[in-house]
Amino acid sequence: CLTVEIPQRTLVVLCGSAGSGKSTFAHNLIARHKNQGLKPTVIVSSDQCRAMISDDEANQFVNRDTFDLFHFIIHKRMFQDRFTIADSTALQVEARQRLLALAQRHHYHTCLFIFNIPPALCIQRDQQRQRLVGEQVIAYHTNLLQQALLDAPKENWNQLHILDEHTKVELAFLPN
Ligand code: ATP
Ligand code: MG
């Protein structure tokens, strides 16, 4: 079990392929920390933002508005000093930079979790769910993931954790 010590004013950024288990991880994490006041609303999900504006979690034609909304909510949460988990693939360097810059504007602590999950497992998990992303997208994401694993250590994250399919994470909030 990996214990991650973070301040309340932290932006956790999830990074990984479709089907790597990011959303499941986020929901399990907040469920385990319910007694510390974490609610499902700490998770800001790009897919939920997509659904909010288009009624379709998979609509790729509304990317720009989806991410405007995604960043806007995160920005407003940081104004309120709320602990926040950004749930998107964050596989592109630009996506990570935008989140990192936003957090730095608010003097937030930044914590990046990279989901280093074998593509075969992502594909298998993808096939078990309602909204299928497909093997081609996961293959593309796997390439981006390899680049993210190389790039992220050179980015200015306060914390970087690389998770595999066995890693259990526990949060320990530091006193303010
Ligand atoms: P996307 O980027 O497409 O939103 P995701 O990374 O959020 O994908 P999830 O939706 O969390 O992935 O998980 C994909 C599928 O795999 C789900 O059906 C989920 O129940 C299953 N899954 C996730 N994590 C695990 C796990 N640790 N063990 C078994 N199944 C899992
Ligand atoms: Mg998800």
Side-chain angles (χ1 to χ4, degrees), residues 1-4 11-34 38-74 77 83-100 110-149 151-152 157 159-171:
C1 181
L2 171 69
T3 303
V4 177
L11 177 66
V12 169
V13 174
L14 309 182
C15 169
S17 165
S20 61
K22 301 177 299 296
S23 302
T24 306
F25 170 88
H27 282 97
N28 289 340
L29 194 64
I30 57 134
R32 286 204 304 278
H33 291 275
K34 210 161 51 181
L38 292 197
K39 296 180 180 178
T41 43
V42 307
I43 304 167
V44 183
S45 144
S46 57
D47 286 335
Q48 271 177 20
C49 290
R50 206 183 286 290
M52 273 185 239
I53 58 175
S54 75
D55 302 319
D56 177 2
E57 278 214 351
N59 185 346
Q60 299 297 317
F61 298 104
V62 292
N63 269 333
R64 196 193 164 102
D65 287 336
T66 294
F67 282 95
D68 281 350
L69 181 59
F70 179 65
H71 292 102
F72 188 68
I73 296 169
I74 292 168
R77 288 186 59 83
F83 171 73
T84 297
I85 301 176
D87 179 10
S88 66
T89 62
L91 285 166
Q92 313 262 8
V93 62
E94 299 79 12
R96 290 192 303 280
Q97 282 308 321
R98 200 170 158 188
L99 288 164
L100 189 58
T110 55
C111 176
L112 182 71
F113 285 122
I114 302 185
F115 290 70
N116 191 18
I117 307 295
L121 187 53
C122 296
I123 291 167
Q124 187 193 321
R125 288 176 178 174
D126 183 46
Q127 282 165 351
Q128 287 163 0
R129 63 180 176 175
Q130 295 276 313
R131 174 177 55 87
L132 255 165
V133 168
E135 281 189 36
Q136 275 185 328
V137 171
I138 292 172
Y140 173 59
H141 283 179
T142 302
N143 286 331
L144 291 175
L145 174 69
Q146 299 315 311
Q147 193 60 47
L149 286 164
D151 290 342
W157 300 93
Q159 291 185 24
L160 165 63
H161 301 284
I162 296 166
L163 312 181
D164 64 25
E165 63 272 38
H166 310 294
T167 318
K168 269 274 231 174
V169 171
E170 212 56 66
L171 298 178

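Positions are given from 1, in the same order as the sequence printed here. Note that the structure is predicted; figures quoted are calculated from it, not measured. Atoms within each ligand, like the ligands themselves, are counted from 1 in listed order.
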Within less than 4.0 angstrom of ligand 1, does [X] place any heavy atom?
X	result
G16	no
E165	no
A26	no

Take I43 and H27 through the test side-chain contact (heavy atoms from CB on, under 4.5 Å) and record every step on the way to the result. CA-CA 8 Å; I43 304 167; H27 282 97; 3.7 Å; yes
Please report the closest heavy-atom contact between V133 and D126, naming both atoms and the distance.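 In this case the closest contact between V133 and D126 is N-OD1, 3.0 Å.
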Looking at every heavy atom in both S17 and K22, which two are closest together, and how far apart are they?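 For S17 and K22, the tightest heavy-atom pair comes out as O-NZ, 2.8 Å.
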Counting backbone and side-chain atoms alike, is an N, O or S atom of S23 positioned under 2.8 Å from the Mg ion (ligand 2)? yes
More than 12 heavy atoms of other residues, nucleotides or ligands under 6.0 Å from [atom1] of [X]: yes or no?
X	atom1	answer
Q60	CD	yes
E57	CD	yes
R131	CZ	yes

Atom indices of ligand 1, in the order listed, that fall short of 4.0 Å to a heavy atom of S17: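 Those qualifying, in numeric order: 6 (O).
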Closest protein heavy atom (residue, atom, distance) for [atom]:
atom	value
atom 4 (O) of ligand 1	D47 OD2, 3.3 Å
atom 12 (O) of ligand 1	G21 N, 3.2 Å
atom 26 (C) of ligand 1	R125 NH2, 3.3 Å

Hey, looking at atom 9 (P) of ligand 1, which of D87, T24, I138 has the closest heavy atom?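 Shortest heavy-atom distance from atom 9 (P) of ligand 1: T24.
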Given R131, Q130, Q127, R129, which one has a non-hydrogen atom that is nearest to atom 10 (O) of ligand 1?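 Residue with the shortest heavy-atom distance to the ligand atom: R129.
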Please indicate whether any nitrogen or oxygen in G19 is less than 3.5 Å from any nitrogen or oxygen in ligand 1.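 Checking ligand 1 against G19, an N or O pair does fall under 3.5 Å apart.
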Below the 3.5 angstrom mark, is there an N/O of S23, backbone or side chain, next to an N/O of ligand 1?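 There is such a contact, yes.
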Is the side chain of R50 donor-acceptor paired with the backbone N or O of N59 at a distance under 3.5 Å, no angle test?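 At least one qualifying donor-acceptor pair exists.
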Is K22 touching ligand 1 with its side chain, its backbone, both, or neither, if touching means heavy atoms under 4.0 Å apart? both
Just by distance, with hydrogens left out, do T66 and N63 show a side-chain donor and acceptor under 3.5 Å apart?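 Note: T66 and N63 side chains miss the donor-acceptor criterion.
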Spacing of CZ belonging to F70 relative to CG belonging to L99, to within rounding of 0.5 Å: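 CG of L99 is found 5.5 Å from CZ of F70.
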